[in-house]
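Written out below as structure tokens is the structure these notes cover.
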Amino acid sequence: MNIRELSNMRDVEAGLRTLTVVRQDHTLGAARDLEFGLELLAMAKTGRIGPTLRLYRPAPTVAFGQRDTRLPGFDAAARACRDHGFEPLVRKAGGRAAAYHEGTLVVDHIMPDADAIAGSRSRFSFFGELLAKALRNVGVHAAVGEIPGEYCPGEYSVHGAGTADPAHRIKLIGTAQRVVSGGWLFSSVIVVENSAPIRAVLTDSYAALGLDWDPATAGAANDLVPGLTVGAVEDAVLAEYAGHASLRHADFSSVYGREA
């Protein structure tokens, strides 16, 4: 890491002074869940809300990247998702298809920022390590970095390794970022429970798209730490955030239903 990147990471941490935490207790529906993150970003950039952390457990969804839609097998991939009970959607961020469901925790971090583009790369590194540390605090051998053959590959994915076979690593967290004039949204999907449906839907949708990947890289945190729950991981994430910011909890109704 060079001096500029280190400085940017310090700037990210310095910006985490106070965060309003809102727990979304029920899914709004696959499409609405995805859209609402962007609405929160629109509120933040116009000063209607301050720094906000939204946490929720989503409906079964496969979020495709823009490049996926241009592949000849996209329609077949979307049908495969529906056959597995997952809603196919297209997200504005880049990357390839990623799957999530009620056994995952989505963390949307929304921040007003007059110079949102500065430090955008450093956020991936900073929040990747923050989330990896949260997983380590609940017993997962977690680290930041892409693993060969992973779905929706990313340099700052968070993976975990088993104690019996440390060489076998599975992807546990994917991150994405949306930067606009006046603010940014950093979204993380943590797979905690019930990995089998995610592996199955990704296997069929990636086959339809004609994309190579290794299904053995798809898993959940409780594949590595039996009995681990979404609730326990959520508590660990908030505890880790509390080391960087003052957390203020608010009802979801304080942000939902407002005009963006």
Side-chain angles (χ1 to χ4, degrees), residues 1-22 24 28 31-56 58 61 63-70 89-98 100 104-132 134 144-146 152-158 171 173-190 237 240-241 244-245 255-256 258-260:
M1 179 181 298
N2 60 39
I3 293 176
R4 182 174 181 179
E5 289 174 329
L6 180 60
S7 176
N8 285 338
M9 285 188 68
R10 288 172 177 163
D11 288 344
V12 173
E13 183 168 12
L16 303 183
R17 295 185 179 90
T18 302
L19 277 171
T20 297
V21 179
V22 290
Q24 179 183 316
L28 307 174
R32 188 77 186 100
D33 279 339
L34 201 59
E35 291 167 357
F36 188 58
L38 297 177
E39 290 180 16
L40 288 172
L41 176 58
M43 293 180 204
K45 76 173 188 176
T46 55
R48 293 176 60 83
I49 63 171
T52 300
L53 203 63
R54 169 202 183 201
L55 302 104
Y56 69 97
T61 307
F64 289 92
Q66 296 287 334
R67 289 184 299 163
D68 295 329
T69 66
R70 296 190 286 271
L89 297 174
V90 180
R91 63 181 184 273
K92 293 186 180 298
R96 293 295 190 183
Y100 45 91
T104 66
L105 176 68
V106 178
V107 181
D108 280 349
H109 186 150
I110 303 97
M111 182 72 75
D113 191 337
D115 191 13
I117 193 66
S120 56
R121 180 179 175 87
S122 299
R123 285 179 212 124
F124 279 105
S125 180
F126 179 85
F127 291 118
E129 182 52 41
L130 183 152
L131 295 170
V144 179
E146 181 180 340
C152 191
E155 182 181 356
Y156 297 100
S157 297
V158 176
K171 179 169 181 170
I173 305 177
T175 57
Q177 184 173 194
R178 179 75 170 165
V179 177
V180 298
S181 177
W184 48 263
L185 162 65
F186 195 94
S187 188
S188 307
V189 178
I190 310 172
V237 169
E240 194 57 35
Y241 260 101
H244 300 276
V255 294
Y256 190 64
R258 300 174 61 173
E259 293 183 3

Original post:
With a 4.0 Å cut-off, would you call E39 and R48 a salt bridge?
Top reply: no
Original post:
What class does the angle between the rings of F124 and Y156 fall in, given that below 30° is parallel, 30 to 60° is tilted and above 60° is perpendicular?
Top reply: parallel
Original post:
For the atom pair CG (L40) and CD1 (I49), what is the distance rounded to the nearest 0.5 Å?
Top reply: 4.5 Å
Subject >> N/O donor-acceptor pair under 3.5 Å between T69 side chain and Q66 backbone >> reply: yes
Subject >> Heavy-atom pair with the smallest gap, counting every atom of E155 and R121 >> reply: OE2-NH2, 3.2 Å
Original post:
Say you draw a straight line from OG1 of T20 to CG of L53; how long is it, rounded to the nearest 0.5 Å?
Top reply: 9.5 Å
Original post:
Roughly how far apart are Y256 OH and L28 CG, rounded to 0.5 Å?
Top reply: 4.5 Å
Original post:
Side chains of V107 and F127: closer than 4.5 Å at any heavy-atom pair?
Top reply: no
Original post:
What is the distance from atom CZ of R178 to atom CD1 of I110, rounded to the nearest 0.5 Å?
Top reply: 14.0 Å
Original post:
Taking C-beta and beyond as the side chain, do L131 and I190 meet within less than 4.5 Å on heavy atoms?
Top reply: yes
Original post:
Where do L41 and G183 come nearest, in terms of heavy atoms and distance?
Top reply: CD1-C, 3.6 Å
Original post:
Taking all atoms of both residues into account, what is the closest heavy-atom pair of A97 and C152, and its distance?
Top reply: O-CB, 3.6 Å
Original post:
What pair of heavy atoms forms the shortest contact from A118 to R123, and how long is it?
Top reply: O-NH2, 3.0 Å
**OP:** With H109 as reference, evaluate Y241, F126, F186 under the ring pair (Phe, Tyr, Trp, His ring centres under 6.0 Å) test and give the passing residue.
**Re:** Y241
Subject >> Intermediate values then yes/no, side chain to side chain contact (heavy atoms under 4.5 Å, CB included), R54 and D33 >> reply: CA-CA 11 Å; R54 169 202 183 201; D33 279 339; 3.7 Å; yes
Original post:
Which atom pair, heavy atoms only, marks the closest approach of V255 to F36?
Top reply: O-CZ, 3.7 Å
Original post:
Taking all atoms of both residues into account, what is the closest heavy-atom pair of A245 and T18, and its distance?
Top reply: CB-N, 4.5 Å
